[in-house]
Q: 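So that we are looking at the same thing, I have put the structure below in structure tokens.
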Amino acid sequence: MKIAVASDHAGFEGPEPHYKPEIIKYLQKRGVEVLDCGAFGPEAVDYPDYAQKACDAILRGEADMGVLICGTGIGVSIAANRNKGIRAATCVTPDMAVMSRTHNNANIICLGRRILRLDECLKLIDIFLDTPFSEGERHVRRIQKMD
Ligand code: RB5
């Protein structure tokens, strides 16, 4: 399993530990290979640029799934969902993380630095990665309608 991780400057804001490097460390500790798509520091950047880098990696088959971080998780999800074949879900609760996988077969989880504590982000990532798509006929049909 390889995960593309990207954030804008929100991944580095606030007191340390900063979210993006902590999330990468956590994924690596889980035994997951990480493709770091930036950004790499707290200088202000544009979230669509970094969301797109992670999406491109997934669409090229260089990563299986993605984790995107911005202030709210909303901007990166809007940007990512412009890509056919990307299903990016902003998740705030454990139920959202479960359903984004079982119903939507989401391939990117989007997290808000200004919305969630770091430990909440890590828990949502665990749920997201550990929950398989249901493969239910109605869910497959609905996804096919989008793709
Ligand atoms: C950056 O200040 C902020 O707008 C961005 O991280 C994100 O929250 C946008 O949706």
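Hydrogens, waters and symmetry mates are skipped; everything else that's a heavy atom, side chains included, is used. Just so you know, ligand 1 is whichever comes first in the structure, and atom 1 is the first atom listed for that ligand. Bear in mind that the values here come from a model prediction, so they are computed numbers and not experimental data.
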Q: For Arg113, is there an ion pair with Asp8 - N to carboxylate O distance below 4.0 angstrom?
A: no

Q: In terms of residue, atom name and distance, what is the protein heavy atom nearest to atom 5 (C) of ligand 1?
A: Asp8 OD2, 3.2 Å

Q: Is there a side-chain contact between Ser7 and Tyr19 (heavy atoms, below 4.5 Å)?
A: no

Q: Output all residues satisfying side-chain contact (heavy atoms from CB on, under 4.5 Å) with Met65, sequence neighbours left out; order by chain, then residue number.
A: Met1, Ile3, Arg101, Phe128, Leu129

Q: What residue and heavy atom of the protein are closest to atom 9 (C) of ligand 1, and at what distance?
A: Tyr47 CE2, 3.5 Å

Q: Distance under 4.0 Å to a non-hydrogen atom of Cys70: what atoms of ligand 1 satisfy this?
A: 6 (O), 7 (C), 8 (O), 9 (C), 10 (O)

Q: What are the atoms of ligand 1, with element, lying closer than 4.0 Å to any heavy atom of Gly71?
A: 5 (C), 6 (O), 7 (C), 8 (O)

Q: Looking only at distances, please establish whether an N/O atom of ligand 1 is found under 3.5 Å from an N/O atom of Gly75.
A: yes

Q: Does at least one non-hydrogen atom of His9 fall below 4.0 angstrom from an atom of ligand 1?
A: yes

Q: When you measure from the centre of the six-membered ring of Tyr50, is the NZ or CZ of Lys53 closer than 6.0 Å and no more than 45° off the axis?
A: yes

Q: Could you tell me the residue and atom name of the protein heavy atom closest to atom 2 (O) of ligand 1, and the distance to it rounded to 0.1 Å?
A: Arg114 NH2, 3.2 Å

Q: Hey, can you pull the donor-acceptor pairs under 3.5 Å for the side chains in residues 70-87, sequence neighbours left out?
A:
unit_1, atom_1, unit_2, atom_2, d
Thr72, OG1, Ile74, N, 3.0
Ser77, OG, Gly73, O, 3.4
Ser77, OG, Ile74, O, 2.9
Ser77, OG, Thr90, OG1, 3.0
Asn81, OD1, Ala88, N, 2.9
Asn81, ND2, Ser77, O, 3.0
Asn81, ND2, Ala88, O, 2.9
Asn83, OD1, Gln52, NE2, 2.9
Asn83, ND2, Gln52, OE1, 3.1
Asn83, ND2, Ala80, O, 3.0
Lys84, NZ, Asp147, O, 3.3
Arg87, NE, Asn104, O, 3.3
Arg87, NE, Asn105, O, 2.8
Arg87, NH1, Asp147, OD2, 3.3
Arg87, NH2, Asn105, O, 3.1

Q: Regarding Glu120 and Lys123, does a basic nitrogen lie under 4.0 Å from an acidic carboxylate oxygen?
A: no

